[in-house]
Amino acid sequence: RHEYAMRSDGVPCGNIKKERMQGVYPEFAEDRYVSGKHGEFRFSGGVWQVRDSGSTNGTFVNGVRIAPGVQTPLKRGDSLKIATLTFTVQ
């Protein structure tokens with residue numbers, strides 16, 4: 001289990017993408033089902049949001065696949081699945 005602190009100042013929010021450098025979210029680089037440009041996190045209006053960029057394997061909030069291009073708000077307790085990786089919003 002891994003935990004990440006997502007801060008409202010924009011660090012480490014940003015792109016969910018496969019990068020071979022070990023960055024803030026090394027699991028994205030290790031998971032072959034995360035797309036090259038999978039999506040993004042954004043903090044706006046006091047709320048964290050996730051957007052899928054039309055990835056092949058999808059992004060799911062509470063088991064429901066989110067539509068590509070749509071900013072989807074996240075709240076405490078939500079289950080966030082990016083390809084094969086599952087996170088719980090704390």
Side-chain angles (χ1 to χ4, degrees):
R1 179 173 176 220
H2 300 278
E3 293 184 12
Y4 302 101
M6 296 177 66
R7 301 178 348 209
S8 60
D9 62 5
V11 180
C13 73
N15 292 332
I16 302 166
K17 61 183 177 180
K18 182 166 273 200
E19 292 183 0
R20 288 294 163 206
M21 0 182 301
Q22 294 297 309
V24 177
Y25 308 108
E27 286 76 14
F28 294 152
E30 296 167 2
D31 189 310
R32 66 185 181 130
Y33 296 103
V34 175
S35 299
K37 176 75 173 85
H38 199 98
E40 70 178 6
F41 292 116
R42 175 180 294 178
F43 189 79
S44 178
V47 176
W48 277 104
Q49 301 173 354
V50 64
R51 181 182 62 81
D52 186 276
S53 296
S55 66
T56 301
N57 293 298
T59 302
F60 299 78
V61 176
N62 298 321
V64 177
R65 188 173 187 153
I66 63 174
V70 176
Q71 291 289 348
T72 304
L74 298 171
K75 63 184 183 311
R76 186 178 304 269
D78 280 350
S79 173
L80 173 63
K81 183 177 177 195
I82 298 167
T84 64
L85 303 170
T86 302
F87 303 88
T88 300
V89 178
Q90 299 288 324

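A quick note: this is a predicted structure, and the numbers were derived from the prediction, not measured.
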**Audit row: D52, I82, side chain to side chain contact (heavy atoms under 4.5 Å, CB included) steps and yes/no** = CA-CA 9 Å; D52 186 276; I82 298 167; over 6 Å; no
On a heavy-atom basis, which atom in [X] and which in [Y] lie closest, and how many Å separate them?
X   : Y   : value
R51 : S53 : NH1-OG, 3.3 Å
G77 : N62 : O-OD1, 4.4 Å
F60 : N57 : CE1-O, 3.5 Å

Identify each donor-acceptor pair in which a side-chain atom of residues 66-76 lies under 3.5 Å from a protein atom, sequence neighbours left out, and give them as a table.
| residue | atom | partner | partner atom | Å |
| --- | --- | --- | --- | --- |
| Q71 | NE2 | E40 | OE2 | 3.3 |
| T72 | OG1 | V70 | O | 3.4 |
| K75 | NZ | D78 | OD1 | 3.1 |

**Prompt:** How many angstroms lie between OG1 in T59 and CZ in R65, if you round to the nearest 0.5 Å?
**Reply:** 7.5 Å
**Message:** Suppose we screen for side chain to side chain contact (heavy atoms under 4.5 Å, CB included). Which residues come up paired with T88, at least two apart in sequence or across chains?
**Reply:** Q90
**Message:** L80 vs F41, test: side chain to side chain contact (heavy atoms under 4.5 Å, CB included). Steps then yes/no.
**Reply:** CA-CA 11 Å; L80 173 63; F41 292 116; 3.6 Å; yes
